[in-house]
Amino acid sequence: MMNYSDTHTHLDFDNFDQDRPKVITRAKEAGLVFVINIGIDLQTSQRSIELTREFPGFIYAAVGVHPNYSSDFDLETLKRVETLASQPGAVAIGEIGLDYYRDYATPAQQKVALLAQLELAQRLQLPIVIHERASAHELAPILSQWQAELPLESAIKHRPGVMHAYGGGLEYVPMLLEAGFNFGIGGPVTYKNAEEKRELVRMLPMERMLLETDCPFMPPQAQRGKRNEPGFIPMIAAKIADLRGVTAEEVGEQLTGNAKRLFNIAN
Ligand SMILES: [Zn+2]
């Protein structure tokens, strides 16, 4: 029996409106035991919470405001994120972070949203899901300092969160590992020109990797040009297995266990 999980989905997107239950069924048939659906703004965070009610015990939610959508983040936004994060089924704050590749929000606006949501995660003792793009030089030190200043008794001191789709350069990885972060490994690890993603998989401890699709985006190589979905997770696990000289089954078992610990999921 396979034991897979997908720690980064956007199943609320309208790409799935026509066949969402079938996508979930295929995920279960592929051996997935749960997925985490990630909000990028208030509306998708709300929708993520609704999905936890529509698919209880299979879909869990992360709620938060993505850096690209942080230009009008204010105290009212923060209060609404907090309300959503307090719902059953909410297991993380995210996705949050810094994105200097796009300029939908200024770096200053992005930092206001990031720091406020880091403080919220500490207060609610929820791990964080981090979006990083062209920003690791600033983001890694911010996250490292945030984790270092978490009280020792904090539930997230030793499971602060996950670097999703990390592409910030291998030189920041030791700092992020030292701070206790996990790394989400997705479809790009199967891409021809993604040698650095494979190098990352070779250097990370097995207990610090998670499986993620980022669906509907980033399908594995064999599905490129199509919509991604959680049922493709075994292709990512197979690639990791290949790189680490273990079986896909072992990868599924270990990385799903990692995800359960990080997000405090019992099933
Ligand atoms: Zn995402």
Side-chain angles (χ1 to χ4, degrees), residues 5-17 20 23-24 27 32 34-52 59-71 73 81 84-85 89-102 104-105 110 113-114 117-118 121 126-136 139 143 160-168 176 181-191 194 197 200 209-220 223-224 226-233 236 255 259 262-263:
S5 48
D6 186 345
T7 60
H8 201 108
T9 69
H10 297 286
L11 292 170
D12 55 292
F13 281 24
D14 58 10
N15 311 58
F16 296 105
D17 281 353
R20 194 168 288 107
V23 170
I24 303 293
L32 275 74
F34 63 88
V35 310
I36 317 267
N37 202 74
I38 314 288
I40 55 173
D41 57 15
L42 287 175
Q43 193 189 338
T44 54
S45 294
Q46 169 70 40
R47 195 57 200 116
S48 298
I49 294 293
E50 287 164 12
L51 283 175
T52 71
I59 298 187
Y60 295 86
V63 300
V65 177
H66 186 291
N68 289 350
Y69 308 104
S70 62
S71 63
F73 189 96
V81 173
L84 291 168
V91 296
I93 300 294
E95 55 190 294
I96 62 175
L98 296 175
D99 188 324
Y100 293 169
Y101 180 77
R102 309 235 181 250
Y104 300 161
Q110 295 184 35
L114 172 63
Q117 292 177 99
L118 287 177
L126 287 173
I128 54 179
V129 177
I130 290 289
H131 171 96
E132 177 280 326
R133 198 151 183 211
S135 62
L139 190 49
L143 295 176
V162 56
M163 304 302 297
H164 144 68
Y166 179 76
L176 293 162
F181 282 91
N182 284 263
F183 289 75
I185 308 298
V189 77
T190 66
Y191 297 173
K197 302 276 184 191
L200 180 63
M209 286 188 269
L210 306 180
L211 293 164
E212 65 173 33
T213 58
D214 202 15
C215 65
F217 313 114
M218 299 289 156
Q223 303 289 332
R224 272 188 109 164
K226 297 191 200 155
R227 180 188 70 176
N228 199 4
E229 63 174 68
F232 297 161
I233 278 285
I236 298 163
L255 273 55
L262 174 59
F263 297 111

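Each ligand, and each atom within it, is numbered from 1 in the order the structure gives.
For the pair OE2 of Glu95 and NE2 of His8, the angle at the Zn ion (ligand 1) is about 90°; rounding is to 10 degrees.
Considering only residues two or more places apart in sequence or on other chains, Asp17 meets the salt bridge (charged side-chain N to carboxylate O under 4.0 Å, His left out) condition with Arg20.
Judged by distance alone, with hydrogens and angles left aside, the side-chain atoms of Gln223 form no donor-acceptor pair with the main-chain N or O of Lys226 at under 3.5 Å. A distance-only check finds no donor-acceptor pair linking the side chain of Asp99 to the backbone of Pro67 [under 3.5 Å].
Under the ring pair (Phe, Tyr, Trp, His ring centres under 6.0 Å) test applied with His131, the options His66, His10, His8 reduce to a single match, His66.
Distances from the Zn ion (ligand 1) to each N, O or S atom of Asp214 single out OD1 as the nearest.
Among the atoms of His10, an N, O or S atom is found under 2.8 Å from the Zn ion (ligand 1).
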